Q: 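One structure is given below, represented as structure tokens, and several questions about it will come after.
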Amino acid sequence: MSRNAGYMKKLRKARVERKQCIRCGKPLSQESLIRGVKQCEKCLDYQRKRKLGQISSKVNTTYFYNRQYKKDEIKRKELGNYMVENKITIKDLAKESNLSQRTIQRILYTDANYTKKTKDAINKYLGKEFL
């Protein structure tokens, strides 16, 4: 167990003893304590929505312009600008070109190398030669 996981376990245990919500730390109502629930209604509602997919992760909707370049390479910048203009997300590009989102991020934001297969997959999906 990592150091942070151990800390969080102790924190949640202490919050249960103090009759607080284990997620946000707010005092629990008497009704929820009787039912044995260790979270407030707001946190329980958030968890339900998250499980149903009503709340999505911000990573999935991350567009190109949310981060800065580490190395300003013309080809990568053109690719990024094209993605912004055509509203193509990193997730969309990764899914359609059968690559991981992390691979696309490395290509856009770092000076990492990429294979010919990766280059061909991206260019094929976009219909233009960027890389």
Side-chain angles (χ1 to χ4, degrees):
M1 185 167 28
S2 70
R3 194 170 72 198
N4 287 339
Y7 171 77
M8 288 306 296
K9 189 174 183 179
K10 288 178 187 176
L11 178 64
R12 284 191 294 271
K13 189 175 182 178
R15 284 181 175 174
V16 167
E17 290 171 1
R18 292 187 301 236
K19 298 180 181 175
Q20 295 175 325
C21 173
I22 60 172
R23 188 168 176 269
C24 66
K26 292 181 183 175
L28 292 173
S29 66
Q30 192 62 32
E31 181 183 313
S32 60
L33 289 172
I34 291 171
R35 288 187 295 153
V37 178
K38 297 176 183 174
Q39 291 182 335
C40 64
E41 289 298 320
K42 189 174 178 181
C43 293
L44 287 171
D45 187 47
Y46 175 82
Q47 275 188 327
R48 275 187 230 114
K49 286 181 180 178
R50 182 98 180 170
K51 282 183 181 177
L52 294 173
Q54 294 171 350
I55 299 173
S56 62
S57 176
K58 291 181 181 178
V59 174
N60 295 341
T61 57
T62 301
Y63 284 94
F64 161 75
Y65 49 81
N66 287 347
R67 287 178 57 189
Q68 298 296 317
Y69 290 106
K70 288 193 176 179
K71 181 179 179 185
D72 189 25
E73 191 176 321
I74 294 171
K75 291 179 179 180
R76 295 170 198 242
K77 192 170 186 177
E78 287 175 3
L79 173 61
N81 290 336
Y82 183 81
M83 288 174 66
V84 171
E85 290 168 8
N86 295 302
K87 297 183 179 176
I88 299 171
T89 63
I90 292 172
K91 182 180 181 182
D92 295 338
L93 181 59
K95 186 177 180 182
E96 295 298 324
S97 59
N98 293 326
L99 300 169
S100 69
Q101 290 182 34
R102 184 66 187 127
T103 300
I104 304 297
Q105 289 173 344
R106 281 190 190 108
I107 291 170
L108 288 172
Y109 306 121
T110 67
D111 54 347
N113 294 327
Y114 46 86
T115 63
K116 185 177 184 317
K117 182 180 173 185
T118 302
K119 174 182 149 182
D120 292 341
I122 291 171
N123 290 335
K124 183 179 177 185
Y125 170 68
L126 299 175
K128 269 184 153 181
E129 188 147 337
F130 286 103
L131 303 175

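Only a predicted model underlies this, so the values are computations on that prediction, with no experimental measurement involved.
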Q: I need the Gln105 CD to Arg102 CZ distance, nearest 0.5 Å.
A: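 Those atoms lie 5.5 Å apart.
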Q: Could you tell me the separation between the CG atom of Leu93 and the NZ atom of Lys95, rounded to the nearest 0.5 Å?
A: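 Between Leu93 CG and Lys95 NZ, I get 13.0 Å after rounding to 0.5 Å.
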Q: Would you say the side-chain atoms of Thr118 pair up with the backbone N or O of Tyr114, donor to acceptor, closer than 3.5 Å?
A: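 Looks like no, no N/O pair under 3.5 Å.
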Q: Would a 4.5 Å heavy-atom cut-off, applied to side chains only, mark Ile88 and Glu96 as touching?
A: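 No, side chains not in contact.
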Q: Is there a donor-acceptor contact under 3.5 Å from the side chain of Arg15 to the main chain of Arg23?
A: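 Judged by distance alone, yes, a pair lies under 3.5 Å.
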Q: Do Lys13 and Lys10 come within less than 4.5 Å of each other through their side chains, counting heavy atoms only?
A: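 No. Closest side-chain heavy atoms not under 4.5 Å.
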Q: Kindly say whether Asp45 contributes a backbone atom to a donor-acceptor pair with the side chain of Arg50 at under 3.5 angstrom?
A: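 Judged by distance alone, no pair lies under 3.5 Å.
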Q: Test side chain to side chain contact (heavy atoms under 4.5 Å, CB included) on Met83 and Leu108; report intermediate values, then the result.
A: CA-CA 11 Å; Met83 288 174 66; Leu108 288 172; 4.0 Å; yes
Q: Return the CG to OG1 distance between Asp120 and Thr115, rounded to the nearest 0.5 Å.
A: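 These two atoms lie 8.5 Å from each other.
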Q: Which pair of heavy atoms, one from Cys24 and one from Cys43, lies closest together, and at what distance?
A: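 Looking at all heavy atoms of both residues, the shortest contact is SG-SG, 3.7 Å.
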Q: Judged by atom type as modelled, is there a donor-acceptor pair below 3.5 Å linking the side chain of Thr103 to the main-chain atoms of Leu99?
A: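 The answer is no, because no donor-acceptor pair under 3.5 Å joins these two groups.
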Q: Do the side chain of Asn123 and the main chain of Lys119 share a donor and acceptor less than 3.5 angstrom apart?
A: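 Here the side-chain-to-backbone pair exists.
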Q: Between Leu28 and Gln39, which heavy-atom pair has the shortest distance, and what is it?
A: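 The answer is CD2-C, 3.5 Å.
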Q: Cluster question for you: counting only ILVMFWY and a side-chain heavy-atom cut-off of under 4.5 Å, with indirect links fine, are Ile22 and Leu44 together?
A: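 No, it is not one cluster - the side chains of Ile22 and Leu44 are not joined through contacts under 4.5 Å.
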Q: Taking atom OG of Ser29 and atom CD of Glu41, what is their separation to the nearest 0.5 Å?
A: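 Here the interatomic distance stands at 7.0 Å.
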Q: Locate the shortest heavy-atom distance separating Tyr82 from Leu126; write the atom from each residue and the value.
A: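 Answer, listing the atom of Tyr82 first, then Leu126: OH-O, 3.6 Å.
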Q: Between Ile90 and Gln101, which heavy-atom pair has the shortest distance, and what is it?
A: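 Answer, listing the atom of Ile90 first, then Gln101: CG2-O, 3.8 Å.
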Q: Does the side chain of Ile122 come within less than 4.5 Å of Ile107's, by heavy atoms?
A: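 Contact flag for Ile107/Ile122 side chains = yes.
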